[in-house]
Amino acid sequence: FFGENLEALRDYTLGLLPKVNQIEGLIDVRASLETGNPELMVEFDRNKLAQLGFTIDQVAETLNQRVNGSIVSRFQQPDRQIDIRLRNRGSDRDSINDIENLVIGDVAGQVNRQQITLGAVADIKQAQGPAAIDRIQQSRVALIVGNLQSRGLGEVSEELKKLIADNPPPSGVSFEFGGQNKEMEQSFSSLLFAVLLAVFLVYLVMAATFEHLGHPFVILFTIPLSLIGVITGLYVSGYAISVISLIGTVFLVGVVVNNAIVLVDAINQARRKGMEKIEAILSASCSRLRPILMTTFTTVLGLLPMAIGFGEGAELRAPLAVVVSFGLVSSTLLTLFIIPATYLIMPSQVTSDDELTRLNKKVTEAEELESHHEQAGWELP
């Protein structure tokens with residue numbers, strides 16, 4: 001919570017603290033302004049100080065020397081030096097009355113010099129000061145911190161947002177979530193950008209390889225199909241969405257398209273041989289079924305030990321393996337049905353090998369004819 005009014009920050013956070021404690025899944029909840037230290041506040045009377053010829057800096061320095069003391073020398077020992085501090089005795093500074101009677105100087109009187117005490121030029125009050133004054137982004141802040149237990153960070157954050165919406169902060173006080181929640185939002189934003197960039201780069205590579213702008217879109221349909229497996233895997237395994245699971249999702253973007261690339265490339269090869277579209281789809285699906293299944297099952301079986309969770313740190317690696325395994329299986333099974341259907345309804349034209357040969361032959365004949373005319377000195381119209 002941000003604000004320059006320290007009292008408003010303390011009152012609001014301490015009033016909100018019992019309600020935050022009631023949220024399930026939060027433990028060790030505490031506020032930074034919850035516990036303060038007792039202190040004495042000294043308010044100087046500037047008019048009296050001016051009449052007596054004192055300055056605030058001079059009196060403050062004298063008061064500091066009386067209470068905290070000043071180092072006048074050092075006691076030498078073979079391995080260290082010990083400071084010798086000069087200040088008032090402890091019995092002369094233990095109470096408010098002792099502090100009021102501290103002598104800060106003297107002035108010339110009618111008969112002799114008179115000693116001036118602190119109580120004569122200042123009001124001393126007992127107060128409760130903050131344990132610490134924290135600043136973030138050049139503003140005073142009051143922190144409410146806690147730890148999670150048996151609940152996800154997202155669920156607890158939503159309840160906290162609802163609680164603050166029902167109990168809005170006073171004027172001049174603003175708030176934002178920090179800690180793990182802020183790091184999670186930043187990580188999610190970075191990973192979302194990584195996913196979009198990965199999809200864009202995959203599309204560029206496929207468009208350049210297939211020399212067609214429509215076929216890469218057919219292949220990219222496998223990415224949302226894999227998300228079905230990702231959600232199912234996290235639900236079945238009980239893992240929450242985390243940075244590790246999102247890294248697995250980025251990894252899937254480059255993996256799940258492989259089966260669709262193999263299938264679409266086989267369909268295009270069959271059509272170049274002169275087959276009709278539906279016939280080429282059926283032929284390619286039958287011929288590529290075994291390689292697709294073999295690739296998928298070998299990858300999933302390789303990730304199985306990591307998904308089960310053996311050894312130290314398994315709970316950190318397991319979500320990635322679960323996401324990749326379930327996403328790959330779901331995309332493979334759905335690819336065998338969705339991709340051929342999508343290819344069938346998408347208008348596309350593939351030049352057959354015979355037509356390509358005839359076109360190359362015509363181009364070659366035209367080039368030979370042009371070369372012959374140039375040698376004969378004829379000018380083509």
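Owing to the predicted nature of the structure, the values given are computational and were not obtained by experimental measurement.
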Please indicate whether [X] has more than 12 foreign heavy atoms, meaning atoms of other residues, nucleotides or ligands, lying under 6.0 Å from its [atom1].
X: Gln58; atom1: CD; value: yes
X: Arg46; atom1: CZ; value: no
X: Glu276; atom1: CD; value: no
X: Gln76; atom1: CD; value: yes
X: Phe251; atom1: CZ; value: no

What is the distance from atom [atom1] of [X] to atom [atom2] of [Y], rounded to the nearest 0.5 Å?
X: Leu263; Y: Ile219; atom1: CG; atom2: CD1; answer: 9.0 Å
X: Ser330; Y: Ile228; atom1: OG; atom2: CD1; answer: 6.5 Å
X: Asp11; Y: Leu16; atom1: CG; atom2: CG; answer: 12.5 Å
X: Asn258; Y: Leu328; atom1: CG; atom2: CG; answer: 8.5 Å
X: Leu320; Y: Ile244; atom1: CG; atom2: CD1; answer: 7.0 Å
X: Asn21; Y: Asp28; atom1: CG; atom2: CG; answer: 9.5 Å

Mind checking whether [X] and [Y] sit in one hydrophobic cluster, side chains of I, L, V, M, F, W, Y counted as touching below 4.5 Å?
X: Ile247; Y: Ile231; answer: no
X: Val145; Y: Phe2; answer: yes
X: Leu234; Y: Leu334; answer: no
X: Ile27; Y: Leu17; answer: no
X: Ile116; Y: Ile96; answer: yes

Is [Y] close to [X] at the side-chain level, that is, under 4.5 Å between some pair of heavy atoms?
X: Ile99; Y: Val67; answer: yes
X: Asp92; Y: Asp98; answer: no
X: Val121; Y: Asp45; answer: no
X: Leu26; Y: Leu160; answer: yes
X: Glu100; Y: Leu118; answer: no
X: Glu159; Y: Leu163; answer: no
X: Leu246; Y: Leu192; answer: no
X: Phe54; Y: Lys48; answer: no

Under 3.5 Å, side chain of [X] to main-chain N/O of [Y], donor-acceptor pair present?
X: Arg66; Y: Leu102; result: no
X: Arg140; Y: Gly3; result: no
X: Ser283; Y: Glu279; result: no
X: Asp265; Y: Ile261; result: no
X: Thr296; Y: Leu293; result: no

Grab the two heavy atoms, one from [X] and one from [Y], that are nearest each other, plus how far apart they are.
X: Val256; Y: Thr222; result: O-OG1, 3.8 Å
X: Ser91; Y: Asp94; result: CA-OD2, 3.8 Å
X: Val300; Y: Ser325; result: CG2-O, 4.1 Å
X: Tyr12; Y: Pro168; result: CE1-O, 3.6 Å
X: Gly248; Y: Val324; result: O-CG2, 3.9 Å
X: Leu225; Y: Thr335; result: CD1-N, 4.3 Å

Leu40 vs Gln126, side chain to side chain contact (heavy atoms under 4.5 Å, CB included): CA-CA, chis, key distance, verdict = CA-CA 5 Å; Leu40 295 180; Gln126 190 170 3; 4.1 Å; yes
For Val257, which of Ile223, Val199, Val205, Val264 qualifies under side-chain contact (heavy atoms from CB on, under 4.5 Å)?
-> Ile223
Would you please test Val218 and Ile339 for side chain to side chain contact (heavy atoms under 4.5 Å, CB included) and show each step?
-> CA-CA 6 Å; Val218 177; Ile339 298 303; 3.9 Å; yes
